[in-house]
A.B. asks: 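Take a look at this one; I'll ask things after.
Quantities reported herein were computed from a predicted structural model and do not represent experimental measurements. Note on naming: letters A, B, ... go to the chains in the order of the sequence lines (proteins, then strands), and numbering restarts at 1 for each one.
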There are 2 protein chains.
Amino acid sequence: MTSRPHLTDADYARLLRLRTQLRKFEHWSAQQAAAMDLTASQHQLLLAIRGHGGSKGPTIGEVAADLLVAHNTAVGLVDRTQELGLIDRERDPSDHRVVRLALSAVGREKLNALSAEHVEELARLAAVVDKLVRN
Amino acid sequence: MTSRPHLTDADYARLLRLRTQLRKFEHWSAQQAAAMDLTASQHQLLLAIRGHGGSKGPTIGEVAADLLVAHNTAVGLVDRTQELGLIDRERDPSDHRVVRLALSAVGREKLNALSAEHVEELARLAAVVDKLVRN
DNA sequence: TCATAATATCTCGTATAGCGATATAATCGT
DNA sequence: ACGATTATATCGCTATACGAGATATTATGA
């Protein structure tokens, strides 16, 4: 534990502005997802499936690790997202314990519609955060 | 709506890595807050109060705007955080409709203990995100 | 003045998301 | 064969978030 200088009012104000920028991005992203009738978590689940390397499709445990949530949280999220017809559960033929996830046609379309603008918005976020960190 | 190039597998993988970095920061921050018996939202409420400019202390409506949540969400968050003894509600003497928020001594201490390491971690996050955005 | 509007907060009901504990099913190791 | 491990599912609970509507206070207009 290193000794730290006392934080000033200005330090706290800057910390608040930084967190506000992160919040604004998440909020904007959630609104974009909502416009496609998705929650933010459902959007992230679609991205975790689409962005997963390899041909086989990720397991529930793998997306739970990607999303930094407990496996049972991922089960509930997969349940709700599957009910919307955005993803499919498929038992792995070589290991029947494993469920592999795949995007449905609708899921693929919705994720595609969201992704390009997210690339742009993330670039903006990076620029603003970098500026704030450098004071 | 400008026409956009088709996103590749690599684009989706990069998008996933970017969101994963943001998630890791939020997850780390939530764990730091939990170590102080705070939820992530409660921590952000403390910061919104501490980082608010002016001498008078923010109203519930103001912190709701800072946190990008509806006012009734902020009411519930303030209720729970006040029950923990971290903040105080004070009716504005000049306008009895308004509730102004202030940190308690315990709230101030917990926020202080969290903030220095958050400054450092945010600097790391900014560097990693910047690198990923620039490919 | 007195009714009404505007503002600020609070209450109630419901949904998502998250976790710990526990259960079930399939596979692996010996 | 069979106990241990792995993967997923279920149950019960809390926190967060919102919409709708209620209450209290202040401001405004006829």
A.B. asks: Given atom CG of Leu45(A) and atom P of dG18(C), what is their separation to the nearest angstrom?
C.D. replies: 11 Å
A.B. asks: Check Leu22(B) against Val129(B) and note the closest heavy-atom contact, atom names and distance.
C.D. replies: CD2-CG2, 4.2 Å
A.B. asks: If you look only at pairs with a residue in residues 67-89 of chain A, which of them pass as a salt bridge (charged side-chain N to carboxylate O under 4.0 Å, His left out), with sequence neighbours excluded?
C.D. replies: Asp79(A)-Arg89(A)
A.B. asks: Given atom CZ of Arg23(A) and atom C1' of dA17(D), what is their separation to the nearest angstrom?
C.D. replies: 14 Å
A.B. asks: To the nearest Å, give me how far apart CZ (Arg89(A)) and P (dA7(D)) are.
C.D. replies: 16 Å
A.B. asks: Distance check needed: dA17(C) P versus Gln44(A) CD, whole Å only.
C.D. replies: 11 Å
A.B. asks: What is the distance from CD of Gln31(B) to C1' of dC19(C), rounded to the nearest Å?
C.D. replies: 13 Å
A.B. asks: Tell me every residue that passes ring-ring contact (aromatic ring centres under 6.0 Å, His included) with His118(B), counting only those two or more places apart in sequence or in another chain.
C.D. replies: Trp28(B), His43(B)
A.B. asks: Residues from residues 95-104 of chain B sitting under 4.0 Å of DNA chain C, heavy atoms only?
C.D. replies: Arg97(B), Val98(B), Val99(B)
A.B. asks: Phosphate oxygens OP1/OP2 of dA15(C): is one of them under 4.0 Å from a side-chain N or O of Thr39(A)?
C.D. replies: no
A.B. asks: What is the distance, to the nearest angstrom, from the NE2 atom on His27(A) to the C1' atom on dA17(D)?
C.D. replies: 10 Å
A.B. asks: Just how far is it from atom CG of Leu125(A) to atom CG of Asp130(B), taken to the nearest 0.5 Å?
C.D. replies: 10.5 Å
A.B. asks: For Ala116(B) and Leu7(A), which heavy atoms make the closest approach, and how far apart are they?
C.D. replies: N-CD1, 3.8 Å
A.B. asks: Could you state the atom-to-atom distance from CZ of Arg91(A) to P of dT8(D) in whole Å?
C.D. replies: 8 Å
A.B. asks: Can you name the residues that form a side chain to side chain donor-acceptor pair (under 3.5 Å) with Arg19(A), not counting sequence neighbours?
C.D. replies: Glu26(B), Ser29(B)
A.B. asks: How long is the line joining CD of Glu26(A) and P of dA17(C), in whole Å?
C.D. replies: 14 Å
A.B. asks: Can you tell me how far the OG1 atom of Thr59(A) sits from the CD1 atom of Ile49(A), to the nearest 0.5 Å?
C.D. replies: 10.5 Å
A.B. asks: Does dA17(C) have OP1 or OP2 under 4.0 Å away from a side-chain N or O of Ser41(A)?
C.D. replies: yes
A.B. asks: For DNA chain C, which residues of residues 59-84 of chain B approach it to below 4.0 angstrom with any heavy atom?
C.D. replies: Thr59(B), Ile60(B), Gly61(B), His71(B), Asn72(B), Val75(B)
A.B. asks: Any salt bridge (charged side-chain N to carboxylate O under 4.0 Å, His left out) involving residues 44-57 of chain A? Give me the pairs, sequence neighbours left out, ordered by first then second residue.
C.D. replies: Arg50(A)-Asp9(B), Lys56(A)-Asp92(A)
A.B. asks: Would a distance-only check, ignoring hydrogens and angles, find a side-chain to backbone donor-acceptor pair under 3.5 Å from Arg124(A) to Phe25(A)?
C.D. replies: no
